[in-house]
Amino acid sequence: MWARILQTESWPARISTLFAGASMTLAFEPVGLSLLVFPLLAYLLYHWHRADAFGAFVHVWLFSLGMRLSGISWIFFSLYFHGDSPAVLAVAIVVLLGAFLALFPATAAYLFNRYCRAGDTLRLLIVLPCAWLLAEWAVGITLTGFAWMQPGYTQIDLPLSGYAPLLGNHAVSGLVVLTASVLLLVVLKRLSWQKASIVIGVLWIAGFALKQISWTEPAGEDVEVALVQGNIPQALKWQRHMHAKTLKLYRELTLEHADADLIIWPETAIPDYKHRVPAYLIGLRQAIQQHDTDLLVGLFIKNLDTGRYYNSVISINGGEYRKRHLVPLGEYIPLRPLIGFFSRWINIPMSDIDSGPDDQPLLVVAGQPVGVSICCEDIFSRDVRRDLPQATLLVNVSNDAWFDGSHEPYQHHAIARMRALETGRYLLRATNTGISSIIGPKGEEIQVAPAQERHVLRAGVTPLQGQTPYVLWGDSFILLLATALVVTLCLRDRASPHKR
């Protein structure tokens, strides 16, 4: 095996695959060169298709490694600039995480190249897109999951995103790979430009048509919302001298917009425990109740009996939501006996908390049941779907100030747009330093606050009821379909072996 890895004639192609993967980040926000994803994936598919099982593993692993090293480099910002981590350790964590995540598509490439040697056209049009889709899903569920850098997110403003409310973002990623496969077949002269144009045209026109469908319907009168972006720098957020100033700022901004039906503060807008600021909360509730306004507040809730605490959102008029899906290393230490030393090198406030129960009642604000997610919970479709179809509005509160100066806030915003499109709901994102946004049920940007500025977004949004097909069946349908297709092809191939 080592002899094959060290073969000098293989390395130029491998290095080019690594750089092609690293270039994938340009297709995502904030650069947003969405169409770039197709030639880059076609280049990967060329090596994946023509290599043996081992070669496919290496090429796909290198491509995925490059994509993740450039795509999730923002983790370095939080660890080094805000977590006081040594630079070497911060870089090592990003590299190790990227290398681990890259194993999933690489393993899929190895298995499908070894055990499913269907004909060229079928492999490119069915097997490889399905393999990518299945690997992408696996990345999102293993060890709580890391659902980032999925090609489907590059398509939010393009026709293929129309399939999202039908089949979800994983299916959109699979269709991106399928489109790249069609382009490669043309280059390989296995498909004419005319036939390729028909295939891609039908695929994209159908996606455009699907995006015109309104899958949900109004559930009441419009709700006037105000999203408060306080813009407290992360370096100051937890400083003692900022505590009173922060509370004063959010109170003043709230009272200026007390005529709204619903006001939303970001994640941990109050950098404290609920039980330590009772007078402040009571005074705030009394002030806004005069205007018949509801307010959602991000803060920590501490269990005084156990000493454990929760990242939470409370309604000032009663009710709370406790974050269910925690971020490894940032909010809890996984495999503590093995990597407990990590906490000695990283200084992240509130980095060892408990998760809330899976079954929590929806918060009812402004007369509407609301599905709440905190921070990166909205990158997981399954977490957002948990509150549907009961929720008529979706709310995400976040603190992307951990990653200011990087591309993470822009990528996170694009992911939130996909969640709104998948579910056919308005999604209201209140963040500390940006990007706060009001997103429509087709993933469209209604209003977006400028990053790293103090701002309050105002708009009227329509509560919506009903469910998209994706809310109804989730990822189950596309996973079963992809599995059935590749199993059928593999079994047929084993029954009737042929040369490629």
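Position 1 is the first residue of the sequence; numbering continues from there. Every value quoted in this text rests on a predicted model; they were computed, and no experiment measured them.
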- Apply side-chain hydrogen bond (donor to acceptor under 3.5 Å, both in side chains) to Gln467 and Trp215, showing your working. CA-CA 7 Å; Gln467 53 188 338; Trp215 299 96; over 6 Å; no
- Query: Can you tell if the side chain of Val395 reaches within under 4.5 Å of the side chain of Arg429, non-hydrogen atoms only?
  - Reply: no
- Taking all non-hydrogen atoms of both residues into account, name the closest pair between Ala56 and Asn113 and its distance. CB-ND2, 3.3 Å
- Message: Can you tell me how the ring of Tyr110 sits relative to the ring of Phe57, calling it parallel under 30°, perpendicular over 60° and tilted otherwise?
- Response: perpendicular
- Message: I need the Leu33 CG to Met24 CE distance, nearest 0.5 Å.
- Response: 12.0 Å
- Query: When Leu394 is tested against each of Leu428, Leu388, Val370 for side-chain contact (heavy atoms from CB on, under 4.5 Å), which residue passes?
  - Reply: Leu388
- Are any of the side-chain heavy atoms of Leu18 and Phe63 separated by less than 4.5 Å? no
- Could you walk me through whether Gln150 and Asn169 pass the side-chain hydrogen bond (donor to acceptor under 3.5 Å, both in side chains) check? CA-CA 8 Å; Gln150 297 176 357; Asn169 185 62; 2.8 Å; yes
- Message: Determine whether a donor-acceptor pair (N or O, by modelled atom type, separation under 3.5 Å) exists between the side chain of Ser437 and the backbone of Ile439.
- Response: no
- Item | Side-chain (Asn396) to main-chain (Cys375) donor-acceptor, under 3.5 angstrom | yes
- Item | Inter- and intrachain pairs under side-chain hydrogen bond (donor to acceptor under 3.5 Å, both in side chains), touching residues 56-70, at least two apart | Thr17-His59, Thr25-Ser70
- How about Leu101 and Phe146: do any of their side-chain heavy atoms sit closer than 4.5 Å? yes
- Query: Would you say the side-chain atoms of Gln368 pair up with the backbone N or O of Val365, donor to acceptor, closer than 3.5 Å?
  - Reply: no
- Note on the structure: ring-ring contact (aromatic ring centres under 6.0 Å, His included) test vs Phe403 passes for just one of Tyr80, Trp74, Phe77, namely Trp74
- Task: Any chance you could measure Asp222, atom CG, to Tyr426, atom OH, to the nearest 0.5 Å?
- Result: 7.0 Å
- Item | Charged N-O contact under 4.0 Å between Arg458 and Glu224 | yes
- Are Glu377 and His325 close enough that a side-chain donor and a side-chain acceptor fall under 3.5 Å? no
- Please confirm whether the backbone N or O of Gly230 pairs with a side-chain atom of Arg454, one donor and one acceptor, at under 3.5 Å? yes
- Derivation of the side-chain hydrogen bond (donor to acceptor under 3.5 Å, both in side chains) call for Asp400 and His413: CA-CA 10 Å; Asp400 289 336; His413 171 63; over 6 Å; no
- Run the salt-bridge test on Arg417 and Asp157 with the 4.0 Å N-O cut-off and return the result as yes or no. yes
- Query: Hey, does the side chain of Asn432 reach the backbone of Pro266 with a donor-acceptor pair shorter than 3.5 angstrom?
  - Reply: no
- Can Asp387 and Arg419 be counted as an ion pair, charged N to O under 4.0 angstrom? no
- Message: Tell me if a side-chain donor or acceptor on Glu267 pairs with a main-chain N or O of Asn399 at a distance below 3.5 Å.
- Response: yes
- Item | Under 3.5 Å: donor-acceptor pair, side chain of Gln155, backbone of Gly152 | no
- Looking only at heavy atoms, what is the nearest atom pair of Pro450 and His455, with distance? CD-ND1, 3.9 Å
- Query: With no hydrogens and no angle check, is any side-chain donor or acceptor of Gln212 less than 3.5 Å from a backbone partner on Phe208?
  - Reply: yes
- Task: For Thr431 and Ser436, run side-chain hydrogen bond (donor to acceptor under 3.5 Å, both in side chains): C-alpha distance rounded to whole Å, both residues' side-chain angles, the deciding distance at 0.1 Å, then the answer.
- Result: CA-CA 5 Å; Thr431 70; Ser436 297; 3.1 Å; yes
- Task: Using atom types as modelled and distance alone, determine if a side-chain donor or acceptor of Thr107 lies under 3.5 Å from a backbone N or O of Pro105.
- Result: no
- Message: Before we go on, tell me: are the rings of His407 and Phe28 under 6.0 Å apart, centre to centre?
- Response: no
- Item | Aromatic ring proximity, centroids under 6.0 angstrom, Phe38 and Trp204 | yes
- Between the side chains of Asp378 and His412, is a donor N or O closer than 3.5 angstrom to an acceptor N or O? yes
